[in-house]
Amino acid sequence: MSFTRKRVLVTGGAGFLGSHLCERLLRDGHDVLCVDNYFTGRRDNIAQLLQNPHFEVMRHDVTFPLYVEVDEIYNLACPASPVHYQFDPVQTTKTSVIGAINMLGLAKRVGAKVLQASTSEVYGDPTVHPQSEDYRGSVSTIGLRACYDEGKRCAETLFFDYFRQNKVGIKVMRIFNTYGPRMHPNDGRVVSNFIVQALHGEDITLYGTGSQTRAFCFVDDLIDGMIRLMATSPEITGPVNVGNPHEIPVRELAERVIRLTRSASRIVHRPLPQDDPMQRCPDITLARSLLGWEPRVNLDEGLALTVDYFRGCL
Ligand code: NAD
Ligand code: UDP
(Lines give C-alpha, C1' and ligand atoms only; values in the text may rest on other atoms or scores of the structure.)
(Ligands and ions follow the chains in the order given, each with its own letter.)
Protein backbone atom coordinates (compact mmCIF):
# COMPACT_ATOMS: atom_id res chain seq x y z
CA MET A 1 0.00 0.00 0.00
CA SER A 2 1.39 3.44 -0.87
CA PHE A 3 1.38 6.11 1.84
CA THR A 4 1.07 9.86 1.27
CA ARG A 5 2.13 12.19 4.05
CA LYS A 6 -0.55 14.87 4.34
CA ARG A 7 -0.50 18.39 5.80
CA VAL A 8 -3.36 18.36 8.27
CA LEU A 9 -4.86 21.32 10.11
CA VAL A 10 -6.60 20.62 13.43
CA THR A 11 -8.52 23.59 14.85
CA GLY A 12 -9.10 23.30 18.58
CA GLY A 13 -6.04 21.03 18.59
CA ALA A 14 -5.04 21.86 22.18
CA GLY A 15 -8.42 20.76 23.52
CA PHE A 16 -9.54 17.38 24.81
CA LEU A 17 -10.46 15.69 21.51
CA GLY A 18 -8.12 17.83 19.40
CA SER A 19 -4.99 16.79 21.30
CA HIS A 20 -5.83 13.10 20.88
CA LEU A 21 -6.48 13.68 17.19
CA CYS A 22 -3.13 15.49 16.70
CA GLU A 23 -1.38 12.60 18.44
CA ARG A 24 -3.09 10.01 16.25
CA LEU A 25 -2.37 11.92 13.01
CA LEU A 26 1.32 12.23 13.91
CA ARG A 27 1.43 8.52 14.72
CA ASP A 28 -0.08 7.87 11.29
CA GLY A 29 2.85 9.80 9.73
CA HIS A 30 1.28 13.16 8.83
CA ASP A 31 2.37 16.79 9.30
CA VAL A 32 0.05 18.44 11.82
CA LEU A 33 -0.71 22.13 12.28
CA CYS A 34 -2.57 22.70 15.54
CA VAL A 35 -4.51 25.97 15.74
CA ASP A 36 -6.02 27.07 19.04
CA ASN A 37 -6.84 30.24 20.99
CA TYR A 38 -6.51 28.37 24.34
CA PHE A 39 -9.99 29.34 25.50
CA THR A 40 -10.55 25.86 26.93
CA GLY A 41 -7.50 24.12 25.46
CA ARG A 42 -4.25 23.71 27.38
CA ARG A 43 -0.61 23.68 26.36
CA ASP A 44 -0.17 20.69 28.68
CA ASN A 45 -2.41 18.64 26.39
CA ILE A 46 0.08 18.96 23.53
CA ALA A 47 3.33 19.34 25.51
CA GLN A 48 4.43 15.79 24.60
CA LEU A 49 4.08 16.61 20.88
CA LEU A 50 6.15 19.79 20.79
CA GLN A 51 9.45 18.00 20.16
CA ASN A 52 8.06 16.28 17.09
CA PRO A 53 9.41 18.02 13.93
CA HIS A 54 6.16 17.19 12.11
CA PHE A 55 4.07 19.13 14.68
CA GLU A 56 3.48 22.88 14.65
CA VAL A 57 1.28 25.05 16.86
CA MET A 58 -0.29 28.42 16.07
CA ARG A 59 -2.21 30.62 18.51
CA HIS A 60 -5.14 31.83 16.46
CA ASP A 61 -8.86 32.48 16.84
CA VAL A 62 -10.87 30.82 14.06
CA THR A 63 -13.30 33.72 13.95
CA PHE A 64 -10.51 35.46 12.01
CA PRO A 65 -9.37 34.31 8.55
CA LEU A 66 -6.48 31.89 8.35
CA TYR A 67 -4.11 31.58 5.39
CA VAL A 68 -2.19 28.29 5.37
CA GLU A 69 -1.59 25.51 2.84
CA VAL A 70 -3.05 22.18 3.93
CA ASP A 71 -4.60 19.03 2.46
CA GLU A 72 -7.13 18.26 5.20
CA ILE A 73 -8.88 20.28 7.91
CA TYR A 74 -10.50 18.93 11.07
CA ASN A 75 -12.62 21.77 12.48
CA LEU A 76 -12.91 21.11 16.23
CA ALA A 77 -12.51 24.66 17.58
CA CYS A 78 -15.44 25.37 19.92
CA PRO A 79 -15.93 24.97 23.66
CA ALA A 80 -17.94 21.79 24.24
CA SER A 81 -18.91 21.88 27.90
CA PRO A 82 -22.15 23.73 28.78
CA VAL A 83 -20.34 25.70 31.50
CA HIS A 84 -17.73 26.91 29.03
CA TYR A 85 -19.93 27.57 26.02
CA GLN A 86 -22.41 29.52 28.17
CA PHE A 87 -19.62 31.69 29.63
CA ASP A 88 -19.55 33.90 26.51
CA PRO A 89 -22.48 32.71 24.39
CA VAL A 90 -22.01 35.34 21.67
CA GLN A 91 -18.42 34.20 21.15
CA THR A 92 -19.66 30.57 21.05
CA THR A 93 -22.00 31.33 18.16
CA LYS A 94 -19.27 33.33 16.41
CA THR A 95 -16.81 30.46 16.82
CA SER A 96 -19.24 27.95 15.32
CA VAL A 97 -20.58 30.08 12.50
CA ILE A 98 -17.75 32.43 11.52
CA GLY A 99 -15.23 29.70 12.33
CA ALA A 100 -17.04 27.38 9.91
CA ILE A 101 -17.12 30.07 7.19
CA ASN A 102 -13.40 30.69 7.61
CA MET A 103 -12.46 27.01 7.51
CA LEU A 104 -14.75 26.34 4.53
CA GLY A 105 -13.28 29.38 2.74
CA LEU A 106 -9.80 28.05 3.42
CA ALA A 107 -10.79 24.58 2.19
CA LYS A 108 -12.24 26.11 -0.98
CA ARG A 109 -9.11 28.18 -1.65
CA VAL A 110 -6.59 25.36 -1.19
CA GLY A 111 -8.80 22.45 -2.33
CA ALA A 112 -8.67 20.72 1.08
CA LYS A 113 -11.18 18.26 2.53
CA VAL A 114 -12.81 19.55 5.70
CA LEU A 115 -14.42 17.66 8.57
CA GLN A 116 -16.80 19.39 10.95
CA ALA A 117 -17.02 18.27 14.60
CA SER A 118 -20.78 18.59 14.88
CA THR A 119 -22.73 17.28 17.81
CA SER A 120 -25.68 15.29 19.11
CA GLU A 121 -26.89 18.68 20.42
CA VAL A 122 -28.29 19.35 16.94
CA TYR A 123 -31.05 16.93 18.04
CA GLY A 124 -31.78 19.09 21.13
CA ASP A 125 -34.07 17.41 23.68
CA PRO A 126 -35.04 14.61 21.30
CA THR A 127 -38.52 13.22 20.79
CA VAL A 128 -37.15 10.31 18.75
CA HIS A 129 -35.07 7.63 20.41
CA PRO A 130 -32.37 6.56 19.66
CA GLN A 131 -31.41 9.43 17.38
CA SER A 132 -30.65 8.62 13.75
CA GLU A 133 -29.25 11.12 11.26
CA ASP A 134 -32.61 11.78 9.56
CA TYR A 135 -34.19 13.07 12.81
CA ARG A 136 -34.39 16.87 12.52
CA GLY A 137 -34.23 17.63 16.21
CA SER A 138 -36.08 19.56 18.87
CA VAL A 139 -33.97 22.58 19.74
CA SER A 140 -34.84 25.79 21.57
CA THR A 141 -33.69 28.82 19.58
CA ILE A 142 -33.68 31.07 22.66
CA GLY A 143 -32.55 28.93 25.61
CA LEU A 144 -29.18 28.87 27.37
CA ARG A 145 -27.93 26.00 25.20
CA ALA A 146 -29.01 27.63 21.92
CA CYS A 147 -25.70 29.45 21.33
CA TYR A 148 -24.05 26.06 20.97
CA ASP A 149 -26.89 24.00 19.48
CA GLU A 150 -27.97 26.57 16.90
CA GLY A 151 -24.36 27.56 16.17
CA LYS A 152 -23.57 23.94 15.34
CA ARG A 153 -26.76 23.57 13.30
CA CYS A 154 -25.89 26.66 11.25
CA ALA A 155 -22.35 25.32 10.77
CA GLU A 156 -23.84 22.13 9.29
CA THR A 157 -25.92 24.26 6.90
CA LEU A 158 -22.81 26.14 5.81
CA PHE A 159 -20.94 22.87 5.22
CA PHE A 160 -23.67 21.57 2.93
CA ASP A 161 -24.00 24.90 1.09
CA TYR A 162 -20.25 25.06 0.43
CA PHE A 163 -20.48 21.45 -0.77
CA ARG A 164 -23.34 22.21 -3.19
CA GLN A 165 -22.27 25.71 -4.23
CA ASN A 166 -18.47 25.44 -4.22
CA LYS A 167 -17.84 21.67 -4.49
CA VAL A 168 -15.84 21.66 -1.24
CA GLY A 169 -15.17 18.12 0.04
CA ILE A 170 -17.02 17.92 3.37
CA LYS A 171 -17.51 15.40 6.17
CA VAL A 172 -19.97 16.16 8.95
CA MET A 173 -19.65 14.06 12.09
CA ARG A 174 -22.23 14.24 14.88
CA ILE A 175 -20.31 13.46 18.04
CA PHE A 176 -22.13 12.08 21.09
CA ASN A 177 -20.84 12.47 24.69
CA THR A 178 -17.18 11.51 24.69
CA TYR A 179 -14.88 11.20 27.69
CA GLY A 180 -11.34 10.21 28.58
CA PRO A 181 -7.92 11.46 29.66
CA ARG A 182 -7.23 15.20 29.11
CA MET A 183 -10.78 16.34 29.83
CA HIS A 184 -10.46 19.60 31.70
CA PRO A 185 -10.94 18.86 35.44
CA ASN A 186 -13.10 21.99 35.83
CA ASP A 187 -15.06 21.90 32.63
CA GLY A 188 -18.31 20.94 34.33
CA ARG A 189 -19.07 17.93 32.16
CA VAL A 190 -20.53 15.00 33.97
CA VAL A 191 -17.70 12.46 33.70
CA SER A 192 -14.97 14.86 34.80
CA ASN A 193 -17.16 16.36 37.54
CA PHE A 194 -18.06 12.98 39.05
CA ILE A 195 -14.51 11.60 38.93
CA VAL A 196 -12.93 14.73 40.40
CA GLN A 197 -15.58 14.90 43.14
CA ALA A 198 -15.15 11.20 43.95
CA LEU A 199 -11.35 11.44 44.12
CA HIS A 200 -11.60 14.44 46.45
CA GLY A 201 -14.21 12.68 48.61
CA GLU A 202 -16.64 15.54 47.89
CA ASP A 203 -20.38 15.25 47.28
CA ILE A 204 -21.30 13.98 43.82
CA THR A 205 -23.62 16.58 42.25
CA LEU A 206 -26.43 14.79 40.46
CA TYR A 207 -28.62 17.24 38.52
CA GLY A 208 -32.34 16.47 38.74
CA THR A 209 -33.29 12.90 39.65
CA GLY A 210 -30.48 11.44 37.57
CA SER A 211 -32.99 9.55 35.41
CA GLN A 212 -31.91 11.51 32.31
CA THR A 213 -29.82 9.27 30.08
CA ARG A 214 -26.60 9.65 28.15
CA ALA A 215 -24.36 7.22 26.22
CA PHE A 216 -20.63 7.68 26.73
CA CYS A 217 -17.93 7.00 24.14
CA PHE A 218 -14.25 6.57 25.04
CA VAL A 219 -11.99 9.07 23.28
CA ASP A 220 -9.84 6.52 21.38
CA ASP A 221 -12.95 5.03 19.76
CA LEU A 222 -14.21 8.47 18.79
CA ILE A 223 -10.90 9.49 17.18
CA ASP A 224 -10.84 6.23 15.24
CA GLY A 225 -14.31 7.05 13.85
CA MET A 226 -13.15 10.55 12.92
CA ILE A 227 -10.13 9.29 10.97
CA ARG A 228 -12.30 6.73 9.19
CA LEU A 229 -14.87 9.35 8.18
CA MET A 230 -12.19 11.67 6.76
CA ALA A 231 -10.86 8.74 4.69
CA THR A 232 -14.20 8.00 2.99
CA SER A 233 -14.74 8.71 -0.71
CA PRO A 234 -15.89 12.19 -1.82
CA GLU A 235 -19.60 11.34 -2.18
CA ILE A 236 -19.76 10.50 1.53
CA THR A 237 -20.55 13.79 3.27
CA GLY A 238 -22.40 12.65 6.38
CA PRO A 239 -23.87 13.66 8.68
CA VAL A 240 -22.79 10.52 10.51
CA ASN A 241 -23.45 9.85 14.20
CA VAL A 242 -20.41 8.63 16.12
CA GLY A 243 -20.86 7.61 19.72
CA ASN A 244 -21.29 4.61 21.96
CA PRO A 245 -24.89 3.35 22.00
CA HIS A 246 -24.62 1.93 25.53
CA GLU A 247 -27.15 4.23 27.22
CA ILE A 248 -27.37 4.67 30.99
CA PRO A 249 -29.13 6.99 33.43
CA VAL A 250 -26.76 9.65 34.79
CA ARG A 251 -27.46 8.28 38.29
CA GLU A 252 -25.87 4.98 37.26
CA LEU A 253 -22.78 6.82 36.06
CA ALA A 254 -22.45 8.38 39.53
CA GLU A 255 -22.75 4.93 41.16
CA ARG A 256 -20.17 3.41 38.81
CA VAL A 257 -17.69 6.21 39.49
CA ILE A 258 -18.10 5.80 43.25
CA ARG A 259 -17.55 2.05 42.94
CA LEU A 260 -14.51 2.37 40.67
CA THR A 261 -12.79 4.99 42.81
CA ARG A 262 -13.82 3.27 46.10
CA SER A 263 -14.88 6.74 47.20
CA ALA A 264 -16.83 7.62 50.34
CA SER A 265 -18.58 10.46 48.46
CA ARG A 266 -22.36 10.80 48.78
CA ILE A 267 -24.73 11.61 45.93
CA VAL A 268 -26.51 14.96 46.39
CA HIS A 269 -29.17 16.41 44.09
CA ARG A 270 -28.97 19.81 42.38
CA PRO A 271 -31.54 21.45 40.07
CA LEU A 272 -31.62 20.21 36.49
CA PRO A 273 -30.16 22.93 34.19
CA GLN A 274 -32.46 24.61 31.65
CA ASP A 275 -33.14 22.58 28.47
CA ASP A 276 -31.10 19.61 29.74
CA PRO A 277 -32.02 16.78 27.32
CA MET A 278 -33.87 13.93 29.08
CA GLN A 279 -32.50 11.19 26.87
CA ARG A 280 -29.74 10.79 24.38
CA CYS A 281 -28.43 7.75 22.55
CA PRO A 282 -26.94 7.45 19.07
CA ASP A 283 -28.25 5.17 16.37
CA ILE A 284 -24.91 4.16 14.81
CA THR A 285 -26.25 1.98 11.99
CA LEU A 286 -24.80 4.40 9.42
CA ALA A 287 -21.35 4.57 11.06
CA ARG A 288 -21.27 0.77 11.18
CA SER A 289 -22.07 0.39 7.49
CA LEU A 290 -20.20 3.39 6.02
CA LEU A 291 -17.12 3.36 8.24
CA GLY A 292 -17.01 -0.24 9.45
CA TRP A 293 -16.78 1.42 12.85
CA GLU A 294 -17.82 0.10 16.22
CA PRO A 295 -16.84 1.34 19.70
CA ARG A 296 -14.49 -1.13 21.39
CA VAL A 297 -13.87 0.26 24.87
CA ASN A 298 -16.62 -0.49 27.39
CA LEU A 299 -17.65 2.06 30.00
CA ASP A 300 -15.89 0.49 33.00
CA GLU A 301 -12.59 0.12 31.08
CA GLY A 302 -12.79 3.70 29.79
CA LEU A 303 -13.73 5.10 33.19
CA ALA A 304 -10.81 3.26 34.82
CA LEU A 305 -8.37 4.84 32.32
CA THR A 306 -9.93 8.26 32.93
CA VAL A 307 -9.77 7.84 36.72
CA ASP A 308 -6.04 6.97 36.40
CA TYR A 309 -5.52 10.18 34.42
CA PHE A 310 -7.29 12.37 36.99
CA ARG A 311 -5.47 10.67 39.87
CA GLY A 312 -2.23 11.65 38.13
CA CYS A 313 -3.13 15.31 37.73
CA LEU A 314 -5.00 16.08 40.97
P1 NAD B 1 -12.55 21.36 24.31
O2 NAD B 1 -13.19 22.56 24.91
O3 NAD B 1 -11.61 20.57 25.12
O4 NAD B 1 -11.80 21.77 22.96
C5 NAD B 1 -12.17 22.85 22.15
C6 NAD B 1 -10.89 23.55 21.71
O7 NAD B 1 -11.24 24.63 20.83
C8 NAD B 1 -10.11 24.16 22.87
O9 NAD B 1 -8.75 23.85 22.75
C10 NAD B 1 -10.36 25.67 22.73
O11 NAD B 1 -9.33 26.45 23.27
C12 NAD B 1 -10.49 25.78 21.23
N13 NAD B 1 -11.23 26.97 20.79
C14 NAD B 1 -12.42 27.42 21.28
N15 NAD B 1 -12.79 28.52 20.61
C16 NAD B 1 -11.81 28.77 19.69
C17 NAD B 1 -11.62 29.78 18.70
N18 NAD B 1 -12.50 30.77 18.53
N19 NAD B 1 -10.50 29.73 17.94
C20 NAD B 1 -9.58 28.75 18.12
N21 NAD B 1 -9.71 27.76 19.02
C22 NAD B 1 -10.82 27.78 19.80
O23 NAD B 1 -13.74 20.44 23.76
P24 NAD B 1 -13.71 18.99 23.10
O25 NAD B 1 -14.51 18.10 23.94
O26 NAD B 1 -12.33 18.62 22.72
O27 NAD B 1 -14.56 19.26 21.77
C28 NAD B 1 -13.94 19.42 20.51
C29 NAD B 1 -15.01 19.57 19.42
O30 NAD B 1 -15.86 18.43 19.41
C31 NAD B 1 -15.93 20.79 19.66
O32 NAD B 1 -16.20 21.38 18.41
C33 NAD B 1 -17.18 20.17 20.23
O34 NAD B 1 -18.32 20.94 19.91
C35 NAD B 1 -17.21 18.81 19.54
N36 NAD B 1 -17.95 17.84 20.36
C37 NAD B 1 -17.40 17.29 21.50
C38 NAD B 1 -18.14 16.40 22.26
C39 NAD B 1 -17.58 15.74 23.49
O40 NAD B 1 -18.31 14.99 24.13
N41 NAD B 1 -16.34 15.94 23.84
C42 NAD B 1 -19.45 16.08 21.87
C43 NAD B 1 -19.99 16.68 20.74
C44 NAD B 1 -19.22 17.54 19.98
N1 UDP C 1 -24.75 16.38 35.15
C2 UDP C 1 -24.91 16.05 36.49
N3 UDP C 1 -23.97 16.50 37.38
C4 UDP C 1 -22.89 17.22 37.00
C5 UDP C 1 -22.72 17.54 35.63
C6 UDP C 1 -23.68 17.12 34.74
O7 UDP C 1 -25.86 15.38 36.89
O8 UDP C 1 -22.08 17.57 37.89
C9 UDP C 1 -25.75 15.89 34.18
C10 UDP C 1 -26.32 16.97 33.26
O11 UDP C 1 -27.42 17.62 33.85
C12 UDP C 1 -26.71 16.14 32.04
C13 UDP C 1 -25.67 15.02 32.02
O14 UDP C 1 -25.12 14.98 33.33
O15 UDP C 1 -27.98 15.57 32.23
C16 UDP C 1 -24.56 15.25 31.01
O17 UDP C 1 -24.05 16.56 31.21
P18 UDP C 1 -22.79 17.13 30.41
O19 UDP C 1 -22.67 18.55 30.82
O20 UDP C 1 -21.63 16.24 30.59
O21 UDP C 1 -23.17 17.03 28.86
P22 UDP C 1 -24.51 17.23 28.00
O23 UDP C 1 -24.77 15.86 27.50
O24 UDP C 1 -25.64 17.72 28.84
O25 UDP C 1 -24.10 18.20 26.97
Side-chain angles (χ1 to χ4, degrees), residues 10-22 34-43 45-46 58-64 66 74-86 88 91-96 98-100 102-103 115-122 125 145 148-149 151-152 155 173-180 182-184 187-197 202-217 219 222-223 226 241-243 248-251 253-254 257 267-280 282:
V10 179
T11 75
F16 161 49
L17 296 182
S19 61
H20 285 275
L21 176 63
C22 290
C34 164
V35 161
D36 206 293
N37 71 348
Y38 299 109
F39 175 54
T40 51
R42 291 174 295 165
R43 256 178 262 256
N45 286 343
I46 48 170
M58 184 190 289
R59 179 191 283 268
H60 175 81
D61 184 325
V62 294
T63 61
F64 295 95
L66 179 66
Y74 289 83
N75 186 34
L76 274 62
C78 186
S81 133
V83 174
H84 286 153
Y85 70 63
Q86 289 168 20
D88 185 349
Q91 176 66 14
T92 299
T93 302
K94 281 187 186 172
T95 294
S96 278
I98 303 175
N102 286 333
M103 289 311 116
L115 181 146
Q116 167 68 355
S118 190
T119 170
S120 54
E121 299 289 324
V122 300
D125 191 1
R145 296 173 80 106
Y148 182 76
D149 303 3
K152 289 284 188 178
M173 176 169 171
R174 292 186 178 152
I175 302 171
F176 283 65
N177 293 65
T178 302
Y179 70 99
R182 300 200 202 122
M183 291 185 90
H184 197 296
D187 82 358
R189 280 185 272 191
V190 69
V191 173
S192 45
N193 265 14
F194 286 179
I195 293 177
V196 170
Q197 289 163 344
E202 293 166 357
D203 291 345
I204 305 268
T205 53
L206 188 59
Y207 301 162
T209 60
S211 60
Q212 70 272 32
T213 65
R214 293 292 186 274
F216 298 98
C217 184
V219 59
L222 195 281
I223 299 299
M226 203 177 259
N241 288 340
V242 180
I248 59 164
V250 173
R251 162 174 282 281
L253 178 73
V257 167
I267 294 177
V268 297
H269 292 271
R270 296 282 178 267
L272 197 64
Q274 188 194 85
D275 292 337
D276 201 273
M278 279 315 292
Q279 53 182 8
R280 185 184 295 146

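We count residues from 1, following the sequence as given. When a ligand or atom number is given, it counts from 1 through the structure's own listing order.
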Suppose we measure from [atom] to each protein heavy atom; which comes out shortest, and what is that distance?
atom                    : answer
atom 17 (O) of ligand 2 : V190 CB, 4.0 Å
atom 3 (N) of ligand 2  : T205 O, 2.6 Å
atom 10 (C) of ligand 2 : D276 OD2, 3.4 Å
atom 1 (N) of ligand 2  : Y207 CD1, 3.4 Å
atom 21 (O) of ligand 2 : N177 ND2, 3.6 Å
atom 22 (P) of ligand 2 : R145 NH2, 3.5 Å

Residue pair R251 / H269, side-chain donor-acceptor N/O under 3.5 Å: yes
Options V10, V242, L17, ranked by nearest heavy atom to atom 26 (O) of ligand 1, top entry: L17
Residue part near ligand 2, for R189, under 4.0 Å between non-hydrogen atoms: both
N or O pair under 3.5 Å between R280 and ligand 2: yes
Numbered atoms of ligand 1 (with element) below 4.0 Å of [X], judged on heavy atoms:
X   : result
G41 : 8 (C), 9 (O), 10 (C), 11 (O)
G15 : 3 (O), 4 (O), 8 (C), 9 (O)
H60 : 19 (N), 20 (C)

Side chain, backbone, both or neither: K152 near ligand 1, heavy atoms under 4.0 Å: side chain
S118 contact mode with ligand 1 (heavy-atom cut-off under 4.0 Å): backbone
Counting N and O atoms only, with roles assigned by atom type, does the side chain of [X] sit under 3.5 Å from a partner on the main chain of [Y], one being a donor and the other an acceptor?
X    : Y   : answer
T11  : L76 : yes
D36  : A14 : yes
E121 : A80 : no

With a cut-off of 4.0 Å, which atoms of ligand 2 are near a heavy atom of [X]?
X    : result
E121 : 25 (O)
N193 : 4 (C), 5 (C), 8 (O)
P273 : 11 (O)
L206 : 7 (O)
Q212 : 9 (C), 11 (O), 15 (O)

Polar proximity ligand 1 side, S120 side, N/O cut 3.5 Å exclusive: no
Ligand 1 N/O within reach of G13 N/O, cut-off under 3.5 Å: no
Sub-4.0 Å heavy-atom contact, M183 with ligand 1: no
